[in-house]
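Read through the structure below, which is laid out as structure tokens, and then see the notes.
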Amino acid sequence: MEKFKKMDLEIRYTTSHNQIRNLPGENSFQKYRVAKSTLVVGIRKTLKFDTSKPSAEYAIPLATGCMGHCHYCYLQTTMGSKPYIRTYVNVDEILEAADKYIEERAPKLTRFEASCTSDIVGIDHLTHTLKRAIEHFGESKHGNLRFVTKFHHVDHLLDAKHNGKTRFRFSVNADYVIKYFEPGTSSLEKRIEAAGKVARAGYPLGFIVAPIYLHEGWEKGYYHMFELLDAELPLEARKDLTFEFIQHRFTKPAKKVIQKNYPMTKLELEEDKRRYKWGKYGIGKYIYQKNEEEDIKQHLQNYMNKFFPNAKLEYFT
Ligand code: SF4
């Protein structure tokens, strides 16, 4: 509270969830934008963690929501009427709950993903919750932490005692995708510069290229992205570097929400152009055609092998 009072911010105190839900705005379009600029500081009541395949065993709930405006973001469907950002003050309880999950599986390693429901790095310069979690897992024998971000606000995390237990991943993409579909996030150059800092601070590093999106000149766009990574990353980061490749996909419910929240989007969402893949709970997703998928996979794998021959591709999906 002390910290936020010193900033030029509007602060409201409430115990009412309805008041939070009814944020100002004349229509749903405006309300959505106000909500995404609102940080709710509260208590995390549910300490049961969701699973988080394929990148980790559990999702650790350090925050929910995000101030970014990525047109394709799945939080639009999962957070529905509550797109505001929430951060929790009972961090000790959340970390204790994580320790219990670790104990249950020990001596097997348990990995926790901190960015399933938010872009935690984007708000952590305000809260330092992630920093506490990084240092907590730094002391852990059988627990690891990982997260991914599209933001460059990493300076306060550089001196955290991570002991190599946290994998710091950046979401990167071709300039075209960032320019047209990721408003409100850091530029590619800033993300890559931040990745260099993180690597020099000794963190294991990774990149998620997502969503891989076909557009005019996509081959060049993704090649250039790899060139920029190559120019920035120090030698020591290349020995233990991971990549995850995720092609663009959408579901029918997601398409509706995207078109409501971002009516002018250029994002291609035509079911006829895509291949249908059955999904969980009967909600299938539309992914690229088989030949396009192969094309994407081959190009990106070739680039990765050319620039980072020792990197590991965790999955392509
Ligand atoms: Fe969603 Fe990540 Fe973009 Fe935030 S930065 S809007 S979490 S895709």
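This structure is a prediction, so every number in the text was calculated from the model and none was measured. One-based numbering, in listed order, for ligands and for the atoms of each.
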Residue among His152, Lys190, Arg191 satisfying side chain to side chain donor-acceptor pair (under 3.5 Å) with Thr185: Arg191

Short N/O/S contact of Cys70 with atom 4 (Fe) of ligand 1 (below 2.8 Å): no

Aromatic ring proximity, centroids under 6.0 angstrom, Phe307 and Tyr303: no

Within reach of ligand 1, part of Leu75 (heavy-atom separation under 4.0 Å): side chain

Interatomic distance, Glu314 atom CD to Thr242 atom OG1 [nearest 0.5 angstrom]: 4.5 Å

Enumerated ligand 1 atoms positioned under 4.0 Å from heavy atoms of Cys66: 4 (Fe), 5 (S), 6 (S), 7 (S)

For Asp119, the ligand 1 atoms whose distance to one of its heavy atoms is below 4.0 Å: 5 (S)

Any donor-acceptor pair under 3.5 Å from Arg33 side chain to Phe29 backbone: yes

For Gly68, atoms of ligand 1 separated by under 4.0 Å from a heavy atom: 6 (S)

Test side chain to side chain contact (heavy atoms under 4.5 Å, CB included) applied to Leu157 and Lys197, step by step: CA-CA 10 Å; Leu157 299 171; Lys197 289 185 189 172; over 6 Å; no

Contact check: Cys73 to atom 1 (Fe) of ligand 1, N/O/S below 2.8 Å: yes

Atom CD1 of Ile43 with >12 non-hydrogen neighbours under 6.0 angstrom: no

Top protein contact for atom 2 (Fe) of ligand 1, by heavy-atom distance: Lys150 NZ, 3.9 Å

